[in-house]
Amino acid sequence: RDLSSTPVVSQLLVTVDMPDRIFSGNDITSGTGTYSIVFTSPFYSSSYAIGISAQGLSSGDYYEITSKTTGGFNIAFKDSGDTGISKTFDYIAKGY
């Protein structure tokens, strides 16, 4: 209320603490093509972590995760000859 005074701000600090969120799925059958995982609500950042547990992999079988976005990711299972194979898997995604 004193018009002859001018306030000065020398420092301002804001801290945002977003709680981690976890999405998961169990016993999902991938099919021989690419399987898309879609989250019910997207993460804030696409730098979330993904853990995959594949069941019944044979020697040389592997998986590829592609198109990782805040809204989900794609996964495809392949054999040693790069042919698409169907596998059952679990996943967990953790981020904010």
Approximate separation, where rounding is to 0.5 Å, of [X] [atom1] and [Y] [atom2]:
X: Ile28; Y: Ile37; atom1: CD1; atom2: CD1; value: 4.0 Å
X: Ile85; Y: Ser30; atom1: CD1; atom2: OG; value: 7.5 Å
X: Ile75; Y: Tyr35; atom1: CD1; atom2: OH; value: 10.5 Å

Residues which pass side-chain contact (heavy atoms from CB on, under 4.5 Å) with Thr83, listed by chain and number, not counting sequence neighbours:
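With neighbours one apart ignored, the set is Asp79.
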Would you please name every residue forming a side-chain hydrogen bond (donor to acceptor under 3.5 Å, both in side chains) with [X], sequence neighbours left out?
X: Ser10; answer: none
X: Thr29; answer: none
X: Thr32; answer: none
X: Ser45; answer: Ser47

Show me the side-chain donor-acceptor pairs of residues 14-26 shorter than 3.5 Å, one per line, residues at least two apart or across chains.
| from | atom 1 | to | atom 2 | distance (Å) |
| --- | --- | --- | --- | --- |
| Arg21 | NH1 | Ser41 | OG | 3.0 |
| Arg21 | NH2 | Ser41 | O | 3.2 |
| Arg21 | NH2 | Pro42 | O | 2.5 |

Working for side-chain contact (heavy atoms from CB on, under 4.5 Å), residues Thr70 and Ser46
CA-CA 5 Å; Thr70 58; Ser46 62; 4.1 Å; yes
Ring-plane angle category for Tyr91 and Phe73, please: parallel below 30°, perpendicular beyond 60°, tilted otherwise.
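Rings of Tyr91 and Phe73: perpendicular, as their planes differ by over 60°.
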What residues form a ring-ring contact (aromatic ring centres under 6.0 Å, His included) with Tyr48, not counting sequence neighbours?
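Testing Tyr48 for ring-ring contact (aromatic ring centres under 6.0 Å, His included), a comparison that skips the adjacent residues, returns Phe39, Phe43.
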Report, one line per pair, each donor and acceptor closer than 3.5 Å where one atom sits in a side chain of residues 56-67; sequence neighbours left out.
| from | atom 1 | to | atom 2 | distance (Å) |
| --- | --- | --- | --- | --- |
| Asp61 | OD2 | Ser58 | N | 2.8 |
| Tyr62 | OH | Asp82 | OD1 | 2.4 |
| Glu64 | OE1 | Lys78 | NZ | 3.3 |

Starting from Leu13 and following side-chain heavy-atom contacts under 4.5 Å between hydrophobic residues (I, L, V, M, F, W, Y), which residues can be reached?
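ILVMFWY cluster around Leu13 holds nothing else.
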